[in-house]
J.: 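First the structure, which I've put down as structure tokens, then a few questions once you've had a look.
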Amino acid sequence: MPCLRKMERMIVSMQDPDMGVKMRNQRLLITVIPHAMTGNDIVEWLIQKYGISEEVPAPAPPESLHLGNLIVKHGYIYPLKDPRSLVLRADESPYRFQTPYFWTSTKWPATELDYAIYLAKKNIRKQGDLIEHEKDNYNLLHKRINHTWDFVVMQAREQLRAAKQRRKGDRIVIDCQEQAYWLVNRPPTKNMDYYKREIEYCRKAMARTRVKSSICLEGYIKFNEQYVPHDPIMSGCLPSNPWITDDTTYWAMNAPTVPTPTKLRVERWGFNFSELLADPLGRAQLLDFLKKEFSAENLSFWEACEELRYGEQSRIPEIVDSIYQQFLAPGATRWVNIDSKTMERTLEGIKTPHRYVMDDAQMHIYMLMKKDSYPRFLKSELYRNLLAEAVIPPETKKRVFPFMRKQRHSSPSPALLLPAGDTEERSRGPAAAPVPEEES
Amino acid sequence: MMKEECKALLDALNKVTACYRHMVLTIGGTSDSQNLREELKKTRQKAQELAVANRNKLTTVLKDKTVSKEDKAEFERLWVIFSTCLEILEIDMRRALELGHEFPLNVPKKHLIQTGMSGGTSGVAARAMSIQNMKYEAEHNIDVVDLKDLENEINQVGEMMYEMEMKVNVPQWTVEAKQDPGAELKSTISVGASSIGMISVEENKSFCDISKVLAGIIFSAVLIIAIVLAVCVVKLS
């Protein structure tokens with residue numbers, strides 16, 4: 001998660017001996033443990049480092065406090081006085097940095113096994129006096145990972161013995177660190193919100209559409225069979241592969257806007273509607289066709305919605321307004337035909353405009369074009385003429401004079417060389433193609 | 001007697017794994033040093049030797065058809081403990097690699113996290129290696145040099161675990177733990193009262209033995225001086 005990386009960088013910059021947070025010593029009855037900081041120090045450092053202004057409209061908390069709270073909630077800094085409340089207080093309450101092993105990480109989530117070992121250790125230390133929720137978790141884990149419970153007990157004992165080899169102050173720090181880590185990762189209170197979220201999550205997981213792998217694979221094979229003739233590496237590249245022959249005709253002929261498109265390109269428009277829309281030339285042809293059918297406003301509406309979705313944040317109210325005026329207002333010049341329910345919802349949404357307010361309407365129009373106009377387009381005269389006029393680029397011929405340095409020739413597909421041989425052939429294949437021809 | 005040998009080997013591996021984890025916890029903090037990295041290297045090499053020894057012993061026993069049913073169940077239980085231990089060791093080794101990359105020691109711009117630790121981990125390492133004192137003989141840039149070896153060793157451990165999965169067929173769910181919940185409390189080994197309540201009054205209970213001895217010595221010295229002075233006064237007067 002990127003926010004974790006950012007927090008880690010912040011923590012590391014706090015360690016700077018000159019520019020970092022001011023460190024104090026924590027005095028316990030006999031031991032003195034270094035590297036404690038007050039909440040105030042942290043807040044001041046944040047304000048200074050990031051130039052945070054303290055002017056905020058009430059009742060929002062100041063931004064520095066909010067940042068500090070995030071750091072504490074994710075477990076990078078833990079409170080020393082009141083370990084159970086993971087908040088940053090901007091007063092004299094002491095805090096300390098967490099050791100990197102215990103930093104929050106999506107790569108190394110806190111495992112049940114580790115939690116069980118921690119609870120067993122706590123059990124031993126406190127002679128059976130665990131807190132309520134810890135007792136429950138302990139019993140739950142004993143049932144759940146029963147097969148390794150012996151290991152849990154063994155490891156707990158050994159870890160405690162290993163810790164005894166360290167200095168008293170370090171032992172206290174290690175205990176605090178571990179306790180803080182588990183308070184972050186196994187929070188004691190599971191309130192209503194937590195259970196509601198879990199229920200929602202499980203419901204969504206059950207409702208996910210699942211496709212049988214046989215159907216999935218069939219679709220995959222069909223897709224590949226359809227696109228193989230269009231792939232320049234698998235089926236060769238006409239006129240020639242520019243990377244091999246230095247002839248850029250291929251790119252010139254397939255530029256986004258050309259007067260005569262290639263045959264392969266026009267054929268691709270027939271595969272599915274999104275291919276047609278993705279190609280600027282295809283979209284222009286579709287627009288012409290729709291103009292003849294008097295439904296060009298559909299495509300314009302769709303394009304305007306795309307501009308809203310992917311456009312600038314500051315222009316959103318302006319774009320929403322222009323869409324409304326042009327396409328949705330009763331009596332608009334290019335009124336689009338949307339069903340009444342979607343229209344109602346959209347008009348409601350326009351009152352609080354945001355990026356995705358036109359999504360329902362856009363989807364409706366998209367499906368309309370796809371189901372209605374697109375099949376007609378493919379059967380139309382316009383399309384058939386395009387297919388007929390489309391160009392198949394000729395293979396560039398070999399130059400006759402052998403001593404010309406730039407030999408122009410069509411590049412066969414490297415994939416076609418594969419059946420001939422083994423890996424050696426394959427690795428020499430693309431390199432072998434230009435080499436022998438340049439010699440001859 | 002096979003059982004005792006297996007158990008002893010497993011206990012040794014367990015001990016080394018616990019020590020290794022303890023040391024990996026300190027990487028990146030203020031206790032981190034070249035010595036720590038060397039200790040990590042030695043500990044994990046020892047762990048690997050023990051793991052191989054364990055695996056060999058347990059696989060020979062599990063492949064043996066002449067073992068009785070109860071014994072076989074017991075050995076399967078040991079096998080599950082062994083594979084869990086190895087999993088934990090592998091995870092800790094991977095984390096050590098990642099943390100080692102993130103916190104190189106000789107780079108002036110990269111600061112270690114001030115975690116509040118001030119002591120070293122030589123005691124832990126000595127416990128892991130089962131020796132009295134650790135000797136440090138590595139070069140000064142072991143933190144960087146060692147990472148390559150660590151990668152290789154992680155791969156080795158991964159391969160060993162894969163082989164184990166493939167060769168020995170012990171389903172984990174068939175093993176039942178011998179210990180009930182709370183079994184660790186019945187242990188006769190008192191683990192001391194290193195409590196979490198750092199500011200609480202429990203501090204008073206856990207006086208260091210050394211300070212007690214010191215106090216006793218000072219008290220007796222003062223007593224002797226007082227007696228000597230009294231005798232002098234009596235003699236002089």
Side-chain angles (χ1 to χ4, degrees), chain A residues 11-12 15-17 20 23 26 28-30 33-36 80-81 96-102 107-108 111 113 120 123-128 138-139 142 146-151 153-177 179, chain B residues 11 14-15 17-19 21-22 24-31 77 80-81 84-85 88 91 95 98-99 102-103 110-119 121 123-124 126-128 172-179 181-185 187 189 191-196 198-199 203-204 208:
Chain A
I11 295 286
V12 171
Q15 309 302 320
D16 196 317
M23 292 280 139
Q26 179 197 18
L28 302 173
L29 278 163
I30 321 173
I33 307 180
H35 309 145
L80 297 174
K81 232 187 205 118
R96 190 172 280 135
F97 289 112
Q98 179 68 281
T99 184
Y101 186 88
F102 282 144
K107 223 159 99 174
W108 310 105
T111 59
L113 191 59
N123 212 10
I124 296 176
R125 264 205 316 258
K126 299 238 166 162
Q127 296 297 309
Y138 182 87
N139 293 326
H142 178 82
N146 188 279
H147 55 278
T148 50
W149 195 258
D150 295 336
F151 173 71
V153 171
M154 279 167 69
Q155 182 71 201
R157 289 196 185 128
E158 274 305 323
Q159 283 189 10
L160 284 171
R161 286 182 203 140
K164 271 171 105 175
Q165 303 298 321
R166 301 209 57 182
R167 219 188 261 185
K168 173 83 182 179
D170 289 351
R171 252 185 289 158
I172 298 177
V173 171
I174 293 172
D175 286 342
C176 294
Q177 282 174 355
Q179 184 192 33
Chain B
D11 283 336
N14 185 39
K15 179 174 78 165
T17 309
C19 293
R21 159 156 300 189
H22 190 97
V24 175
L25 279 178
T26 39
I27 299 184
T30 35
S31 279
R77 190 185 73 94
V80 168
I81 295 179
T84 326
C85 199
I88 285 203
I91 291 178
R95 296 209 69 174
E98 194 189 336
L99 289 171
E102 267 190 58
F103 294 100
K110 291 212 165 180
H111 310 287
L112 295 173
I113 309 291
Q114 293 166 49
T115 45
M117 308 273 229
S118 35
T121 42
V124 182
R127 184 186 167 79
Q172 293 204 330
W173 53 87
T174 55
V175 167
E176 262 186 53
K178 263 186 168 174
Q179 321 258 21
E184 59 267 15
L185 294 170
S187 116
I189 303 158
V191 200
S194 62
S195 56
I196 293 184
M198 1 146 231
I199 308 192
E203 281 282 314
N204 288 329
C208 227

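Order of the sequence lines sets the chain letters (A, B, ...), proteins ahead of strands, with each chain counted from 1. Remember, it's a predicted structure, so these values are computed and weren't measured experimentally.
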J.: If we define contacts as heavy-atom pairs under 4.5 Å, which of A:Gly20, A:Ala120, A:Ala156, A:Ala36 has the most with chain B?
T.: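 Highest number of pairs under 4.5 Å: A:Ala120.
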
J.: Between A:Asn123, A:Asn139, A:Thr111, which shows the greatest number of heavy-atom pairs under 4.5 Å with chain B?
T.: A:Asn123

J.: Please determine, among B:Leu112, B:Asn14, B:Thr84, the option with the most heavy-atom pairs under 4.5 Å with chain A.
T.: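 If we count pairs closer than 4.5 Å to chain A, B:Asn14 comes out on top.
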
J.: Who among B:Ala128, B:Gly119, B:Gly123, B:Cys19 has the most heavy-atom pairs with chain A under 4.5 Å?
T.: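 Max contact count across the listed options: B:Gly119.
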
J.: What verdict does the side chain to side chain donor-acceptor pair (under 3.5 Å) test give for A:Gln26 and A:Arg96, after you've listed the backbone C-alpha separation in whole Å, the side-chain angles of each residue and the deciding distance to 0.1 Å?
T.: CA-CA 10 Å; A:Gln26 179 197 18; A:Arg96 190 172 280 135; 2.7 Å; yes

J.: Who among A:Asn146, A:Val153, A:Asp150 has the most heavy-atom pairs with chain B under 4.5 Å?
T.: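 Of the options given, most contacts go to A:Asp150.
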
J.: Return yes if a side-chain donor-acceptor contact under 3.5 Å exists between A:Gln155 and B:Arg21, otherwise no.
T.: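 No pair is found: no donor N or O on one side chain lies under 3.5 Å from an acceptor on the other.
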
J.: Need one label for B:Arg95: side chain, backbone, both or neither, based on atoms under 4.5 Å from any heavy atom in chain A.
T.: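 Both parts, backbone and side chain.
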
J.: Kindly write out the residues that satisfy side-chain hydrogen bond (donor to acceptor under 3.5 Å, both in side chains) with B:Thr121, not counting sequence neighbours, or none if the list is empty.
T.: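 Scan of B:Thr121 (side-chain hydrogen bond (donor to acceptor under 3.5 Å, both in side chains), adjacent residues dropped) gives B:Glu39.
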
J.: Counting only heavy atoms closer than 4.5 Å, note whether A:Gln98 contacts chain B via side chain, backbone, both or neither.
T.: backbone

J.: I'd like to know which of A:Leu113, A:Asp16, A:Ile33 tops the heavy-atom pair count under 4.5 Å against chain B.
T.: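 Of the candidates given, the most pairs with chain B belong to A:Asp16.
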
J.: Measure across A:Arg166 and A:Arg171 and return the closest heavy-atom pair with its distance rounded to 0.1 Å.
T.: O-NE, 3.5 Å

J.: If the condition is side chain to side chain contact (heavy atoms under 4.5 Å, CB included), which residues does B:Leu99 pass it with, not counting sequence neighbours?
T.: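 By the side chain to side chain contact (heavy atoms under 4.5 Å, CB included) rule, B:Leu99 matches A:Pro100, A:Tyr101, B:Val24, B:Ile27, B:Phe103.
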
J.: For residues B:Gly116 and A:His35, report the shortest heavy-atom separation together with the two atoms involved.
T.: N-ND1, 2.9 Å

J.: Quick check on the interface: out of A:Lys107, A:Gln159, A:Met23, A:Glu158, who has the most heavy-atom pairs with chain B under 4.5 Å?
T.: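 If we count pairs closer than 4.5 Å to chain B, A:Glu158 comes out on top.
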
J.: To the nearest 0.5 angstrom, please state how far the OG1 atom of B:Thr30 sits from the CE atom of B:Met117.
T.: 7.0 Å

